[in-house]
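Heads up, the thing below is written out as structure tokens.
The first residue of the sequence shown is numbered 1, and numbering continues consecutively from there. Values below: all heavy atoms of this structure, side chains included; hydrogens, waters and symmetry mates excluded.
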Amino acid sequence: MICYQCGCNLSEHDFCTSCGADVALYKKIIYISNRFYNEGLERANVRDLTGAITSLRQCLKFNKNNVEARNLLGLVYFETGEVVAALSEWVISKNLRPKKNIADDYIDMIQTNQNRLDIINQTIKKYNQALTYCNQDSLDLAVIQLKKVLSLNPRFIRAHQLLALLYINSEEWEKAKRELTKCIEIDTNNTATLRYLKEVDEMLMPEEGVKNSPKKKHKSEEIIKYQSGNETIIQPVNMKEGRGVTSLLNLGIGVAIGIAIAFFLILPARIQTARASIDAELRRVSEQSDAKTATIDELQLEISELKANNDALRQDLQAYLGTDGTLQSVDSLMKAVEAYLSNPEDITVVADYLEAIEEEDPEGETSHSEAFESLYSTLLALVGPDIATAYYNDGYEAYRQENYDDAIPNLEKAFKYDATNGEALYDLANSYYRTGDMDKARETYSQVIEMFPDTEKANNSAAFLAEMDSAD
């Protein structure tokens with residue numbers, strides 16, 4: 001026994017010699033738990049499984065971490081056919097002691113055998129179906145289901161007991177006794193089994209006083225009894241000449257009873273089974289139909305989305321195509337190259353074609369080929385500085401004349417074609433400032449400070465920014 005606080009082994013003292021904890025009550029609880037465990041083990045050895053379950057449950061109430069008790073309780077449950085309850089106890093035991101636990105072998109014995117798992121699942125389903133039939137008063141179908149359950153799991157005590165109850169209900173005492181006897185062989189002290197068996201024995205064995213009465217003796221003298229298999233044949237001693245007529249009459253009555261049994265018992269059961277089969281087939285067909293309908297709806301939705309995407313792409317393509325069906329940006333680039341090759345000095349025409357390309361794709365979202373991008377970059381490197389100079393000259397002239405509406409676009413293009421032109425960027429910031437567009441002015445002054453630090457333009461831009469901040 002170990003200390004519940006520090007985990008050290010306890011001695012005969014009522015306190016832990018390691019941590020000093022008071023373990024007197026703890027020892028009593030563990031002793032009581034172990035006593036119930038030993039009692040449960042003794043009862044299990046003599047097949048008193050019901051008593052063993054009761055003792056082991058009491059054991060776990062006092063010590064829920066008793067791994068041996070949980071493993072034994074799982075074995076007892078398994079022996080009575082309660083596989084799910086057994087697995088629950090073994091899983092708890094495995095969580096309490098992950099290593100060196102025999103519960104691993106018990107769990108693997110069930111889970112690694114797929115056939116055994118299928119049998120367990122079928123047993124549970126069929127037993128639940130039998131209970132449903134009983135609630136629906138379809139007792140014949142319940143008997144059939146329980147026989148299937150017991151063919152899969154012959155040690156399932158609850159199935160034996162329920163089948164015995166159905167036999168008792170139909171007054172088939174011998175069959176009921178056979179099922180209860182099988183229960184006694186599995187669990188010798190099951191209270192429900194013993195109670196049912198007492199009722200059956202009372203019906204099979206009348207009271208002793210009635211047996212020994214003069215009337216009974218007189219009656220027994222007038223009849224002859226003999227055993228034929230499991231049936232007792234009673235035959236009168238004085239049989240008269242009407243024996244043949246009586247035999248025919250009995251034969252006719254037997255045939256009529258057989259037809260009635262077939263009509264009232266067997267036929268309704270078969271009809272109900274056929275209806276259940278038809279309902280299951282209808283549900284299966286309905287599920288397949290619903291699945292196909294859902295698939296069709298999904299495909300139609302995908303088709304609609306694809307059509308919409310196709311229409312959008314066509315509209316985008318038409319926007320990029322020229323009058324002759326070629327891409328406008330490619331056409332503009334070819335014309336710019338042609339203009340540059342024919343007259344390198346006249347960069348105005350080249351600039352117009354490059355502006356046309358920028359207007360077609362102002363955000364730069366169109367994906368061009370590598371050849372297009374390479375040619376465009378090469379041409380821009382050749383004519384970009386000259387174009388930037390031309391735009392800067394026009395923009396600066398407009399800036400001097402305080403024509404800021406013309407100065408701003410020209411200065412923007414000058415800086416776009418030549419990012420090293422700090423004068424163009426600074427004059428652009430001043431133009432924004434003069435027109436009262438303070439947001440653009442702040443942004444452009446900040447850009448001047450960032451791109452051209454430690455210059456007069458940067459210092460002036462910082463001064464303008466400070467002036468605007470103080471004005472705010």
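A donor-acceptor pair under 3.5 Å links the side-chain atoms of Ser151 to the main chain of Lys148, judged by distance alone. Listed for the Ser286 side chain is no donor-acceptor partner under 3.5 Å among the backbone atoms of Leu282. Of the possible donor and acceptor atoms, one in the side chain of Thr444 sits under 3.5 Å from a partner among the backbone N and O of Lys440.
A salt bridge does not link Glu412 to Lys416: none of the charged side-chain nitrogens sits closer than 4.0 Å to a carboxylate oxygen. A salt bridge links Asp469 with Arg442: the closest approach of a Lys/Arg side-chain nitrogen to an acidic carboxylate oxygen falls below 4.0 angstrom.
What you find for Met451 and Ala419 is that their closest heavy atoms are CE-O, 3.8 Å. Contact record, Ile157 with Cys183: O-SG, 4.0 Å, taken as the closest heavy-atom pair. Leu465 approaches Ser446 most closely through the heavy-atom pair CD1-OG, 3.9 Å. The two residues Ala192 and Gln161 make their nearest non-hydrogen contact at CB-NE2, 3.9 Å. Across every non-hydrogen atom of Phe62 and Ser33, the tightest pair is CB-CB, 3.8 Å.
Thr188 and Asp48 share no donor-acceptor pair across their side chains, judged by distance under 3.5 Å alone.
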Practice task
Could you walk me through whether Glu171 and Trp173 pass side chain to side chain contact (heavy atoms under 4.5 Å, CB included), step by step?
Solution key: CA-CA 5 Å; Glu171 298 183 356; Trp173 311 109; 3.8 Å; yes
Exercise for the section: Decide yes or no on side chain to side chain contact (heavy atoms under 4.5 Å, CB included) for Leu146 and His160, but give the supporting numbers first. Expected result: CA-CA 8 Å; Leu146 288 172; His160 282 296; over 6 Å; no
Practice task
Show the numbers, then the answer: is there a side chain to side chain contact (heavy atoms under 4.5 Å, CB included) between Thr193 and Asp187?
Solution key: CA-CA 9 Å; Thr193 302; Asp187 185 4; over 6 Å; no
Practice task
Begin with the C-alpha distance, continue with both residues' side-chain angles, and end with the deciding distance and a verdict on side chain to side chain contact (heavy atoms under 4.5 Å, CB included) for Leu60 and Leu56.
Solution key: CA-CA 6 Å; Leu60 292 175; Leu56 292 172; 5.6 Å; no
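Between the CD atom in Gln300 and the CD atom in Glu302 there is a gap of 11.0 Å [rounded to 0.5 Å]. For the atom pair Lys126 NZ and Gln145 CD, the distance stands at 5.0 Å (nearest 0.5 Å). With rounding to the nearest 0.5 Å, the separation of OG1 in Thr50 from CZ in Arg43 is 10.0 Å. Separation of atoms CG (Leu306) and CG (Leu301) is listed at 9.5 Å; rounding is to 0.5 Å. With rounding to the nearest 0.5 Å, the separation of CG in Leu162 from CG in Leu150 is 9.5 Å. The distance from atom CG of Asp201 to atom CE of Met203, rounded to the nearest 0.5 Å, is 11.5 Å.
Looking only at side-chain heavy atoms (C-beta outward), Gln447 and Phe415 come within less than 4.5 Å of each other. Between Leu194 and Lys198, every side-chain heavy-atom pair lies at or beyond the 4.5 Å cut-off. A 4.5 Å side-chain heavy-atom check between Cys134 and Leu166 finds at least one atom pair inside the cut-off.
Paired with Ile184 under the rule side-chain contact (heavy atoms from CB on, under 4.5 Å), one option of Asn189, Leu197, Asn190 passes, and it is Leu197.
In Arg275, the CZ atom is not crowded: 12 or fewer heavy atoms of neighbouring residues, nucleotides or ligands sit closer than 6.0 Å. Shown here is Glu450, whose CD atom has no more than 12 heavy atoms of other residues, nucleotides or ligands within 6.0 Å.
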Let me check something: any side-chain donor-acceptor pairs from residues 117-125 under 3.5 Å, sequence neighbours excluded? List them with distances.
unit_1	atom_1	unit_2	atom_2	d
Asp118	OD1	Gln114	NE2	3.1
Asn121	ND2	Leu117	O	3.3
Thr123	OG1	Ile119	O	2.7

Listed pairs under 3.5 Å, donor-acceptor, residues 69-83 side chains, sequence neighbours left out:
unit_1	atom_1	unit_2	atom_2	d
Arg70	NE	Lys64	O	3.0
Arg70	NH1	Glu89	OE1	2.9
Arg70	NH2	Lys64	O	3.2
Asn71	OD1	Ser93	OG	2.8
Asn71	ND2	Val67	O	3.4
Asn71	ND2	Asn101	OD1	3.2
Tyr77	OH	Arg57	NE	3.0
Tyr77	OH	Arg57	NH2	2.6
Glu79	OE2	Arg47	NH2	2.7
Glu79	OE2	Arg155	NE	2.9
Glu79	OE2	Arg155	NH2	2.5
Thr80	OG1	Val76	O	3.4
Thr80	OG1	Tyr77	O	2.8
Glu82	OE1	Arg158	NH2	3.0
Glu82	OE2	Arg158	NE	2.6
Glu82	OE2	Arg158	NH2	3.3

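Take Phe156 and apply the ring pair (Phe, Tyr, Trp, His ring centres under 6.0 Å) test, not counting sequence neighbours, and it matches Tyr127. Residues forming a side-chain hydrogen bond (donor to acceptor under 3.5 Å, both in side chains) with Arg97 (at least two apart in sequence, or on another chain): Glu68. Residues that satisfy the salt bridge (charged side-chain N to carboxylate O under 4.0 Å, His left out) test with Glu172, not counting sequence neighbours, are Lys175.
Residue pairs meeting the ring pair (Phe, Tyr, Trp, His ring centres under 6.0 Å) criterion with at least one member in residues 128-151, sequence neighbours excluded, do not occur.
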